[in-house]
Structures are given as structure tokens and as C-alpha cells.
Number of protein chains: 2
Amino acid sequence: MFQHIAKQSISDTVFDQLTAKILDGELDAGETLPGERSLCELLGVNRGAVREAIKRLQQAGLVDVRHGGKTTVLDYLDHGGLELLPQLMITPEGKMRLEVARSIVSMRQSMAPDIAKACAQKRKAKHLQQMQSLLTQMQQTDDAKELQTLAFAYWRELVAGSGNIAYRLAFNSMQKAYDKIWSLLASVLEPELRDLDNLEKLTQAIAEQDADQAQHFASEYLLNGTNAMNAVLNAYGQAEIK
Amino acid sequence: MFQHIAKQSISDTVFDQLTAKILDGELDAGETLPGERSLCELLGVNRGAVREAIKRLQQAGLVDVRHGGKTTVLDYLDHGGLELLPQLMITPEGKMRLEVARSIVSMRQSMAPDIAKACAQKRKAKHLQQMQSLLTQMQQTDDAKELQTLAFAYWRELVAGSGNIAYRLAFNSMQKAYDKIWSLLASVLEPELRDLDNLEKLTQAIAEQDADQAQHFASEYLLNGTNAMNAVLNAYGQAEIK
DNA sequence: ATTGGTCTTCTGGTATGACCAGTTGACTAT
DNA sequence: ATAGTCAACTGGTCATACCAGAAGACCAAT
């Protein structure tokens, strides 16, 4: 499969650079940003690019900008939204932040069973069929990366089947974070990806509209990955991404 | 208490308008946006303002913009992050979207007990003290709105105490959504806000590092609001915000 | 009939330079 | 000590060029 090449515009670069400095603590909460005109000069770009970047920082809850005053850095832990996860996942030096990965794995383990429960209660035929089809495809492949692609598609359907829009949006945010460590995940999560037994039971439970069983098997299935990931995280310091 | 007046710049207005059109379905996924130059003319603003707005739409996962090609609308259910919640909460006409409110309430009920559990396991003195202090303040007031303010602060500390950064960011996103219906919430959640009994037990459980009890009482406490909210949501159609 | 160039004309991306509009703080008159 | 004033910041808006990728029409060559 081919996918569109993502090009980076100048304002994107400025945004990434500033975001990294803030999330990395190089720019601490309370500090003020250089003026837009100064930044232009420092970065060698025009003011429009800087403004586009700062507007995005503002939207991300990273800075507080006020007309006439200076732009100050906010504490992202108090003001940032879940969409920061992807950028938090990797340090500017390309290492993975352990506590971020741990947080996500833990959140996943906590939310997904409840989502599966909701999905089973609704039991929308449309999503159920997709899930069954994806499960079948998973049973017919042996490649870890392909399994992972299918697994993500499976969970996307399951989340959609829960009918809960907040879950869907949170899932999107989390997937963007996962994407940052895609290949690392494919190997670490392998025991989970190959536990098609529990995935089948989960699918079955949803088909039978058995909410409690769905919740149970979802939890069982995910525990594979949760444990594997925690083992890896405990074993390594800041892991290099491959 | 006074808080800074939020002024709306032109690009903010453009962003809000386009976002509303997309979330409301007026601009459907797959459709293309008018060119930047056309939009300038249509809206009677400068191109820079339009560009800042579109950059933000892009960041929010609402559009796909590519150099040389047209900007197309994406399906926010597949690409939007949790930070869309605040804008989804209210329709352009100022009504509350029931399914969004329901989704958030359900997500809260599912996540918070696990967060409380994690918080109890860590039992960070710093956050625990804050929580105890806030609880005391809550016990000394009778005003619903002030109770709500304190309750939010309490949960903010609890989430911080869980040591899970993903939870914190998700909490921030959800609070921004809550803020949109702040006054409505203060009345609907009143039974929860006044159930200081369970909140005290929760605090106690955390102090005693009793994770399971913390999880239990958090769930009990939140059920007040969950049930109240569901009752209201079932009773009304699209509620007016007051 | 298909493939691959090429040219025109769309689209978004970048760059200037000017000016408007709040904020801040130093200075001044009271 | 207070309140007014003003100059010098800051971000916000604007108009106008021009650069660069994409898309489609067109036209060869195969």
C-alpha cells in the first residue's frame, strides 16, 4: 500500500520546533515567547508563518497570547488536550517517553473493556459484520505488521459500534500517538495480535449481545499487550525508536 | 473572581464558522472547500486570516489540505481528536447535542473510577493534601456553583495524582467541553455535588491507599451525576443552554 | 488506444511592508 | 500619592506580489 507523502510547510516546522521546546521544558510555563517579529528574524522566516504556528500553539493550549501583551507559555499538563499525545510520545531526540507510553497503555486497558461492553449492548449489525470480516482476515495472515493494521481497523469498528462519540474521538487521538511508534508496537504487541482466540470470543460475545462477556474478553485480550508493554518499559530506559 | 475577557480575532471567527459548518454536516466529508482567495472574498477578510483558520482546521483533523490541490473536508469521526468535544457540545444555534453529553457522561463514569484507583495506589501526599483541603471547603459551602468549581478542582488534583499523563490531557479536553454547559451542569449535577459523604469516603480510601475502595466510592459518587444527567437527557429533546 | 510529455491555469505556500489596535511603563501634572 | 498622558512596545489586519505543487487539456510518440 502507498500513502500520500506528508510534506512539511514552514509554519509546520516552526510549530513543531516551538512545541518540542515547550513539551521538553526548554520553554517553561510562565516564560514569555520572543515577539513575532523577533521570531521571524531568529528563524529566518516571514511573519505569517510564525503567526500560523503560534495560532496552533494557542489552539493546543500551549501558550496564552493576548493582543498588545506578550505571549506566555502555559503548563500543558493543565491546559493541553489529548491531541498532544503524539508529540509527547517522542522526544526531540527521537526517543520514546516511557511514562507517556505507560499512560496510554493503562488508559487503553481501562477504557477498551467498557467500550466493548457498550458495543455489545448496541450490537449494530453494520459494525459487527466489519469486525467479523476483519477477524477472519486476521486469522488468515501471519505477518505481525499486517495483523496490527487489521487489529487497529477492528478496534476502530468496535469503538464506532459503541455509539459513543467521545470514545471515538479519544480513539483517534490515541491512534495518532500509536502511529509514532508503529513498528516498535508491532513487535511488542505481538502476543496480543496473535491471541485471536480471545478476539474471537469477544466478537462472539458482541454478536450475542452479551455485554459482560464482551467486557471480560476485551480485557483478557488487551492484557496480553498491556503486560508485554509494561515488561518492555520496565526493562528499558528511554527506548530508541526503530 | 474575575477572569480575562476572551476576545475573538477575525481568524478565530473564521475558524469557528468553518468548524461549525463541518461539524453540523453542512460541509460534508469529501466536499472541497472554496479556494483561499474565494473565501477571503466571501468572508470579506484578509487571506492571512483565512489561512490561519484553515491551518487550525487541519490540525483539528477536519480538513485535508495539500499544496496545489483543493482542500477537502474529512470525516471528523475518523480523524478528529478529543479536543473537538467543546465545539461538538453546542450546535450553532446554541442547543446542546444530547448524544455528545451522553457520551461524555458515560466516558467519565468509565474512566474516573480507574483514575481514582491509580491515584490511591500512588497516594502522592502533595495531591492528597490538596484534595482534603478542597473537600473541607466543599463541606463549608452550600452554593451549587461554588461546589461545582471546587469539585472540578478536586478531580483535577485526583487526576494529577494518578500520575497518568494521558488521563490528565483527556481530563483537560473534557473540562473544556463541560465549560460550555457550565451553568446547566451546576443544577443537573447538584445531587452529586452534595454527596460529600461518598467524596469523603473516596478521599479517605486514597489516604489509606486502598485502591479498590477508592475505585468503588468514586463510582458511587459519580453515579449521582450520571443518573441525574441521563434522566435529564431522556426527558428533553435538544436542550436550550441557560 | 495507451502512454508520456508539456503547457496553462488552477490551488496552496512564502515573502514584504504597511498600518491598526491593545498593553505596558515611564513620565508628568495635579 | 494619584491620575492623566504619551511613546514604545506587543499582537492583529491588510494588500500585493511572487513561488511552487496539482490538475486537466492537449498533443505527440509508440
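Residue numbering restarts at 1 for every chain, and letters A, B, ... go by the order of the sequence lines. Every value quoted in this text rests on a predicted model; they were computed, and no experiment measured them.
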Earlier contact from the 5' end, DNA chain D, for A/P34 and A/H4: A/P34

To the nearest angstrom, how far is B/R37 atom CZ from D/dC14 atom P? 17 Å

Output the residues of residues 46-70 of chain B in contact with DNA chain C, where contact means a heavy atom of the residue under 4.0 Å from an atom of the strand; sort by number or write none. B/R47, B/R51, B/V65, B/R66, B/H67, B/G68, B/G69

Taking every heavy atom of B/K145 against every heavy atom of B/S183, the minimum-distance pair comes out as NZ-CB, 3.6 Å

Is the phosphate of D/dG11 approached by A/T71 (side-chain N or O, under 4.0 Å from OP1 or OP2)? yes

Is the A/W155-A/Y178 ring centre distance short of 6.0 angstrom? no

B/S187 (side chain) donor-acceptor with B/L184 (main chain) under 3.5 angstrom: yes

Can B/E83 and A/K176 be said to form a salt bridge (charged side-chain N to carboxylate O under 4.0 Å, His left out), step by step? CA-CA 13 Å; B/E83 74 272 16; A/K176 284 179 189 168; 5.8 Å; no

For A/L33 and D/dT10, give me the distance from atom CG to atom P, rounded to whole Å. 12 Å

Where along residues 5-23 of chain B does a heavy atom come under 4.0 Å from DNA chain C, residue by residue in number order? B/K7

In whole Å, what is the span from the CD atom of A/E36 to the P atom of C/dG22? 16 Å

Sidechain-backbone polar pair: A/N164 side chain, B/S103 backbone, donor-acceptor under 3.5 Å: yes

Passing option when A/R56 is tested against A/D16, A/T19, A/D12 for side-chain hydrogen bond (donor to acceptor under 3.5 Å, both in side chains): A/D12

For A/Y154, enumerate each residue passing the ring pair (Phe, Tyr, Trp, His ring centres under 6.0 Å) test, keeping only those at least two apart in sequence or located in another chain. none

Going through the checks in order, is the side-chain contact (heavy atoms from CB on, under 4.5 Å) test met by B/I165 and A/Y76? CA-CA 10 Å; B/I165 192 173; A/Y76 66 90; 4.2 Å; yes

